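The next block holds one structure in the form of structure tokens; read it before the comments.
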Amino acid sequence: MATINYNPKDILQKEFRQKMRGYDPADVDSFLDNVIKDYEAFTKESQHLQDENERLRAKVDELTKQLSVGGTTTAQPSQPATNVTNMDILKRLSNLERHVFGSQIDSGANTSHRL
């Protein structure tokens with residue numbers, strides 16, 4: 001990781017010596033104020049990213065532990081999915097039978113009622 005030499009407080013408290021033909025102190029102060037704002041934004045963003053990185057690492061560790069512990073129990077959650085799939089197949093088959101044989105079934109039902 002890179003070493004940071006100055007923080008916003010260091011920049012704010014920096015005193016420059018004045019010389020005969022030096023820079024305009026107002027310009028220097030204005031520029032340093034902008035540098036301080038950038039440093040503060042950079043510091044906040046860096047901290048946010050470090051926190052997010054730590055949170056994600058903890059989540060990865062947690063999920064890895066769950067995966068290693070739950071390796072034998074993964075068959076149970078897939079069982080209900082199979083039941084849902086089987087139920088869907090039965091519904092589709094029933095709908096298909098009604099569609100294909102519906103007129104015959106209805107005719108047979110009407111005929112038996114007439115008797």
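Along the sequence shown, residues are numbered consecutively beginning with 1. Please read all numbers here as calculations on a predicted model, not as lab measurements.
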Practice item. Run the numbers on Lys37 and Glu40 for salt bridge (Lys or Arg N to Asp or Glu O under 4.0 Å), then give the verdict. Key: CA-CA 5 Å; Lys37 288 177 186 174; Glu40 288 172 342; over 6 Å; no
Check your understanding: Who passes side-chain contact (heavy atoms from CB on, under 4.5 Å) against Phe16, sequence neighbours left out?
Key -> Lys14, Val28, Leu32
Practice item. Look only at the side chain of Asp51 and the backbone of His48, and say whether a donor-acceptor pair between them is shorter than 3.5 Å. Key: no
Exercise for review: Inspect the contact between Lys65 and Glu62 and indicate whether a charged nitrogen and a carboxylate oxygen are less than 4.0 angstrom apart.
Suggested key: no
Exercise for review: Would you give the length of the straight line joining atom CD of Gln66 to atom CG of Asp61, rounded to the nearest 0.5 angstrom?
Suggested key: 11.5 Å
Check your understanding: CD/Glu45 to CD/Gln50 distance, rounded to the nearest 0.5 angstrom?
Key -> 10.5 Å
Practice item. Drop me the distance from Leu12's CG to Asp29's CG, to the nearest 0.5 angstrom. Key: 9.5 Å
Review point. Taking atom CG of Asn7 and atom CD of Gln13, what is their separation to the nearest 0.5 Å?
Key: 8.5 Å
Revision key, fill the gap. CG (Leu63) and CG (Leu56) are apart, to the nearest 0.5 Å, by 10.5 Å
Practice item. State whether the side chain of Thr64 and the backbone N or O of Val60 hold a donor-acceptor pair below 3.5 Å, judged by distance alone. Key: yes
Point to revise | Ser94 side-chain N/O to Leu90 backbone N/O, donor-acceptor pair under 3.5 Å | key: no
Exercise for review: Taking all heavy atoms of Tyr39 and all of Tyr6, pick out the closest pair and write down the distance.
Suggested key: CE2-O, 3.0 Å
Practice item. Answer with yes or no whether the side chains of Arg98 and Asn95 bring together a donor and an acceptor at under 3.5 Å. Key: yes
Exercise for review: First locate atom CD1 of Ile11, then atom CZ of Phe31, and finally report the distance between them rounded to the nearest 0.5 Å.
Suggested key: 9.5 Å
